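Working notes for the structure below.
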Amino acid sequence: KADFRPWVDQDLQDDTEITAKEEEHGDWADSHEEEDLLHVPYSPPRYPEETMLQRSKDLYTLMNQRRSVRFISPEPVPREVIDNVIRTAGTAPSGAHTEPWTFVVVSDPDTKHQIRQIVEEEEEVNYRQRMGDKWVNDLAKLKTNWIKDYLDVAPYLVLVFKQTYGILPNDKKRTHYYNEISVSISCGILLAALQNVGLVTVTSTPLNCGPQLRILLKRPANEKLLMLLPVGYPASDATVPDLKRKPLDDVMVHI
Ligand code: IYR
């Protein structure tokens, strides 16, 4: 199985079956344990068509400048900006509004270095063994390898964990429906929020580093690492591969 789809992280399988089994043990909350929820009026801003068109162009222009950047400046970034970016990520929709995410923000140099050691050690095995020749060849054009300077250099590392279940104040477990897709959406919003303030990152998914990083960062057993995002300004000599995006006609079908 691992040989067939080597990019599937061993710790990141879908938890549906495990959850269904554990449910029989009885420490799961029933839905009636949560209160009734009031429904209130909602009226977000509505723009004239001309404004809509302009705003749609402006956001596209901004987001089309986003690139995965592996060369990050050590220059410090205001902590409050990071807080707001994480707040923004936390506005994502989630299954049954369970908000199944934990964003671990690391700026401590020693912890960053320990993260680097764990990631580089596993990534070397990934590149040399787990990924296989086909995958390594498919990536060759990106000139990546297992050496990740940015893990020491970036002022912040944001490790995004998905909570596979929640724990209620009465210690019962709460089902986190669609937790992986919910957290993935929040990561997309996080990327947009970073782009909005001129910061860069690379969406890294360090294969099979999750359990070690979870323990290093003292996160509980219900949390699994989904993504590791080094965050900062781009280095002044940063380069990116000269990739092109598919035109609209190749990605959209209008029926
Ligand atoms: N996770 C590895 C390898 C890697 C995989 C893919 I798919 C990429 O688009 C880029 C890299 C790494 O971070 O080097």
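Remember, it's 1-based here, ligands and their atoms both numbered in the order they're listed. Keep in mind that the numbers below use all heavy atoms, side chains included, and drop hydrogens, waters and symmetry copies. Here the structure is a predicted model, which means the values were calculated and not measured. Quick note: residue numbers are just sequence positions, from 1.
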Under a single-linkage definition using a 4.5 Å side-chain heavy-atom cutoff for Ile, Leu, Val, Met, Phe, Trp and Tyr, are L159 and V69 assigned to the same hydrophobic cluster?
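L159 and V69: one cluster.
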Under 4.0 Å between a side-chain nitrogen and a carboxylate oxygen: does that hold for E180 and K162?
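K162 and E180: salt-bridged.
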Answer with yes or no whether N145 contacts ligand 1, where contact means a heavy atom under 4.0 Å from a ligand atom.
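In this structure, N145 qualifies as a contact of ligand 1 - some heavy atom is under 4.0 Å.
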CZ on R116 to CG on D152, rounded to 0.5 Å
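Rounded to the nearest 0.5 Å, the CG-CZ separation comes to 4.5 Å.
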Tell me the contacting part of Y127 for ligand 1: side chain, backbone, both, or neither, using a 4.0 Å heavy-atom threshold, strictly below.
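Side chain only.
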At a non-hydrogen distance cut-off of under 4.0 Å, which region of W135 contacts ligand 1 (side chain, backbone, both, or neither)?
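Contact part for W135 vs ligand 1: side chain (C-beta onward).
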Aromatic ring centroids of W135 and Y127 under 6.0 Å?
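When the ring centroids of W135 and Y127 are compared, they turn out to be at least 6.0 Å apart.
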Heavy atoms only: which of L139, V136, L228, T144 lies closest to atom 5 (C) of ligand 1?
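It is L139 whose heavy atom sits nearest to atom 5 (C) of ligand 1.
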Taking the minimum heavy-atom distance to atom 2 (C) of ligand 1, which of E120, R70, E123 ranks first?
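It is E123 that holds the nearest heavy atom.
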When you measure from atom 12 (C) of ligand 1 to every protein heavy atom, which one gives the shortest distance, and what is it?
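That would be K148 NZ, 3.0 Å.
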Does D9 reach the main-chain N or O of N208 with its side chain, forming a donor-acceptor pair under 3.5 Å?
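Confirmed, D9 side chain pairs with N208 backbone.
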